[in-house]
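A note on names: the letters A, B, ... follow the listed sequences, proteins ahead of strands, and every chain is numbered from 1.
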Number of protein chains: 2
Amino acid sequence: MTSATAAWVGDGYDPECPTRVLLDRVGDKWTVLVIGVLADGPMRFTALRDRVGGVSGKVLTATLRALARDGLVTRTAYPTIPPRVDYELTDLGRSLQGPLDVIRDWSEQHIAAVIAHRDKFDDGASE
Amino acid sequence: MTSATAAWVGDGYDPECPTRVLLDRVGDKWTVLVIGVLADGPMRFTALRDRVGGVSGKVLTATLRALARDGLVTRTAYPTIPPRVDYELTDLGRSLQGPLDVIRDWSEQHIAAVIAHRDKFDDGASE
DNA sequence: CCCTTTAGTTACCTTGAGGTACCAGGGTAC
DNA sequence: GTACCCTGGTACCTCAAGGTAACTAAAGGG
């Protein structure tokens, strides 16, 4: 094997492998969408929920907490009534946009081929 | 918002968004490991299972089938006894290694910061 | 007074990824 | 000839992520 692959293959699944840590965070349904929306600037909870569309409050809370825990967003709560909480990407969070752009570029270039294979595969399976 | 973010934010979660298709495939526990191992060349089922380490037969079967469905690997079954099935990365599969390398690079550069934030966050929460 | 608004939390349910255990089916050893 | 191994794959169960909805606190409007 090449040393490049060795770095992320290792001796099997390792929850502490750096690549795995990132994929575990970014692989879930909403994190990428939240980061994308926050790329436009700070936003409060309800605006974020409306903007992402389809996410439940519970899951958005969990997603934002995980992002804050990892230092990718900041959470700023103002003790006003009613409460107001602003979320904002950190520099670390913004630095993630490069890799995310690469993923997006690959997807947009190759998704047609993937879908084509998928359709062909499904046709063959149903015969 | 920038048009770049619009491309993958859209009006919320969309299972057909190209980026989502890729993340749904690559975000699971084993796919990246399997692609990493297959980068070394074709490999048969059992060798793959031993090489990845920790993956169950069922999950490896499902992972490989999903990869084959998407045209990222080929599955070649020889009707010998005992059976022999070879799996190999396609060109499309190999083209994924670039994005995966970017992910890996980001992870290795920033994982220390993420872990540090995580520890600080957890300390604060337990007080 | 009651209802609304905000940022959650909690209870409960559904779903599906992933793990365990087993199967088919032809070898081969005795 | 029968008992057991090898391979790739499958039935079945578990458990946790994610979804829905009800509830909270505290101020303000009608």
>> So, using side-chain hydrogen bond (donor to acceptor under 3.5 Å, both in side chains) as the criterion, who are the partners of A:T74 when residues are at least two apart?
In response: none

>> Please list, in numerical order, the residues of residues 76-85 of chain B that have a heavy atom closer than 4.0 Å to any atom of DNA chain D.
In response: B:P82, B:P83, B:R84, B:V85

> For A:R75 and C:dA7, what is the distance between atoms CZ and C1' respectively, to the nearest whole Å?
Replying inline: 8 Å

>> Let me check the geometry of the helix from C:dC1-D:dG30 to C:dC30-D:dG1. What is the bend angle between the axes at its two ends, five pairs each, to 10°?
In response: 30°

> Listed by chain and number, what are the side-chain hydrogen bond (donor to acceptor under 3.5 Å, both in side chains) partners of A:S95, not counting sequence neighbours?
Replying inline: B:W106

>> Does C:dA7 have OP1 or OP2 under 4.0 Å away from a side-chain N or O of A:R44?
In response: yes

>> From CG of B:L64 over to C1' of D:dT10, roughly how many Å is that when rounded to an integer?
In response: 15 Å

>> Taking transitive links into account, so neighbours of neighbours count too, which hydrophobic residues share a cluster with A:I81 at under 4.5 Å side-chain distance?
In response: none

Listing time: all N or O pairs from protein to nucleotides 18-22 of chain C that are below 3.5 Å?
from, atom 1, to, atom 2, distance (Å)
C:dG18, OP1, B:K29, N, 3.3
C:dG18, N7, B:K58, NZ, 2.7
C:dG18, O6, B:K58, NZ, 2.7
C:dG19, O6, B:K58, NZ, 2.5

>> Nearest whole Å is fine: how far is C:dG8 C1' from A:R65 CZ?
In response: 9 Å

>> Applying a 4.0 Å non-hydrogen cut-off, can you work out what B:R49 is touching in the nucleic acid: base, sugar-phosphate, or nothing?
In response: nothing

> What residues form a salt bridge (Lys or Arg N to Asp or Glu O under 4.0 Å) with A:R94, not counting sequence neighbours?
Replying inline: A:D91

> Does A:R44 have any salt bridge (Lys or Arg N to Asp or Glu O under 4.0 Å) partners at least two apart in sequence or in another chain, and if so, which?
Replying inline: none

> What pairs of residues pass the salt bridge (Lys or Arg N to Asp or Glu O under 4.0 Å) test when at least one of them lies in residues 25-39 of chain B, not counting sequence neighbours?
Replying inline: B:R25-B:D70

> Quick one: are B:T61 and B:F45 in side-chain contact, heavy atoms under 4.5 Å?
Replying inline: yes

> Which residue pairs satisfy the salt bridge (Lys or Arg N to Asp or Glu O under 4.0 Å) criterion with at least one member in residues 54-69 of chain B, sequence neighbours excluded?
Replying inline: A:D122-B:R69

> If you group Ile, Leu, Val, Met, Phe, Trp and Tyr whenever their side-chain heavy atoms sit less than 4.5 Å apart, what else falls in with B:V102?
Replying inline: A:V102

> Rounded to whole angstroms, how far apart are CG on B:D24 and C1' on C:dA17?
Replying inline: 13 Å

> Please give, in whole Å, the distance from C:dT6 C1' to A:L60 CG?
Replying inline: 13 Å

> For A:V85 and A:R75, what are the C-alpha separation, side-chain angles and deciding distance, and is it a side chain to side chain contact (heavy atoms under 4.5 Å, CB included)?
Replying inline: CA-CA 7 Å; A:V85 182; A:R75 177 185 188 278; 3.7 Å; yes

> Under the salt bridge (Lys or Arg N to Asp or Glu O under 4.0 Å) test, which residues partner B:D24, sequence neighbours left out?
Replying inline: B:R20

